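Data first, discussion second: the structure below is written as structure tokens.
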Amino acid sequence: SVTRDAMRQMCRDIARHLQQRWPNVDGLVVDAANGMRSLGPRSQYCAATGEWPDPVSPPGEQALAALAMARLGLMEWLPAEEREAASRFACQTLDSLRQVASGETDPCSDPAAMACMLMTGEIVSRAPGGCMSEPLRTWLASVRQKLLNWLESGPDPTPMQAAMVLAAL
């Protein structure tokens with residue numbers, strides 16, 4: 001049956017799964033490790049082949065995962081160590097989205113991703129042990145402006161885009 005404890009355990013299991021999606025950089029030289037980290041969490045794992053078909057998740061997926069983890073980091077029922085890990089995941093994912101690598105999709109091309117990034121930033125900025133760096137704060141301010149510009153001059157939003165943008169602004 002669905003119980004509060006079962007739901008909480010499911011949240012913890014999903015969080016552990018998301019944290020495992022970061023590429024393993026053990027043994028890599030510093031530049032290679034930093035390059036892998038800048039790409040953020042990997043895309044979905046294909047268990048049948050034992051492979052990660054895409055090197056990284058799309059920006060919208062990364063931004064939504066960051067938002068979920070930021071919210072999880074606020075849950076009082078979660079042990080402090082796990083709350084801190086969830087907040088750290090959110091900040092690291094935002095930072096990876098900030099660093100657009102060659103060939104990678106700019107997260108600011110997706111209004112829903114921008115909305116998720118802004119909501120994540122607001123949550124982690126008030127979380128205990130704040131992990132927001134100044135470059136991240138500055139970047140999020142520019143994301144807010146880009147989202148406002150998109151709202152003023154972009155195409156008519158889809159219902160989902162409209163809801164996400166309104167939630168973020």
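Everything quoted here is computed from the prediction, not taken from an experiment.
When every heavy atom of Leu72 is checked against every heavy atom of Ala15, the shortest pair comes out as CD2-CB, 3.4 Å. The nearest pair of heavy atoms linking Met164 to Ala115 is O-CB, 3.2 Å. Residues Pro157 and Ala162 approach most closely at CB-N, 3.9 Å, considering heavy atoms. Looking at every heavy atom in both residues, Ala66 comes nearest to Ala90 through O-CB, 3.4 Å. The two residues Ala113 and Gly60 come nearest to each other via the heavy atoms CB-CA, 3.7 Å. Taking each heavy atom of Thr120 and Ala70 in turn, the nearest pair found is CG2-CB, 3.9 Å.
Counting only heavy atoms from C-beta outward, the side chains of Arg126 and Leu74 approach each other to under 4.5 Å. You'll find the side chain of Pro59 stays beyond 4.5 Å of the side chain of Asp106, heavy atoms only. With a 4.5 Å cut-off on side-chain heavy atoms, Leu140 and Met132 count as touching.
Taken to the nearest 0.5 Å, the CG atom of Leu67 stands 5.0 Å off from the CD1 atom of Ile123. Annotation: the span from Leu169 atom CG to Leu148 atom CG amounts to 5.0 Å, rounded to 0.5 Å. In this structure, the separation between CE on Met117 and SG on Cys108 is 4.5 Å, given to the nearest 0.5 Å. In this structure, Gln161 CD and Leu151 CG are separated by 10.5 Å, a value rounded to the nearest 0.5 Å. In this structure, Arg83 CZ and Met69 CE are separated by 13.5 Å, a value rounded to the nearest 0.5 Å. The line from CZ of Arg98 to SG of Cys91 is 11.5 Å long, rounded to the nearest 0.5 Å.
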Side chain to side chain contact (heavy atoms under 4.5 Å, CB included) between Cys11 and Trp77, worked out: CA-CA 11 Å; Cys11 288; Trp77 54 263; 4.0 Å; yes

From CA spacing to verdict: side chain to side chain contact (heavy atoms under 4.5 Å, CB included), Thr105, Ser109: CA-CA 8 Å; Thr105 303; Ser109 65; 3.7 Å; yes

Step-by-step side chain to side chain donor-acceptor pair (under 3.5 Å) determination, Asn149 to Gln145: CA-CA 6 Å; Asn149 293 344; Gln145 189 58 52; 3.0 Å; yes

Verdict with reasoning, Gln62 to Leu94, per side chain to side chain contact (heavy atoms under 4.5 Å, CB included): CA-CA 8 Å; Gln62 288 188 44; Leu94 283 178; over 6 Å; no

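The backbone N or O of Glu84 lies less than 3.5 Å from no partner atom in the side chain of Ser87, so there is not a single donor-acceptor pair.
Applying the salt bridge (Lys or Arg N to Asp or Glu O under 4.0 Å) test to pairs two or more places apart or on separate chains, those with a residue in residues 111-125 are Glu122-Arg144.
Under the salt bridge (Lys or Arg N to Asp or Glu O under 4.0 Å) criterion, Arg12 pairs with Glu82, not counting sequence neighbours.
Side-chain atoms of Gln99 and Asp95 include a donor-acceptor pair closer than 3.5 Å.
Under the 4.5 Å side-chain heavy-atom criterion for ILVMFWY residues, no single connected hydrophobic cluster contains both Leu166 and Trp150.
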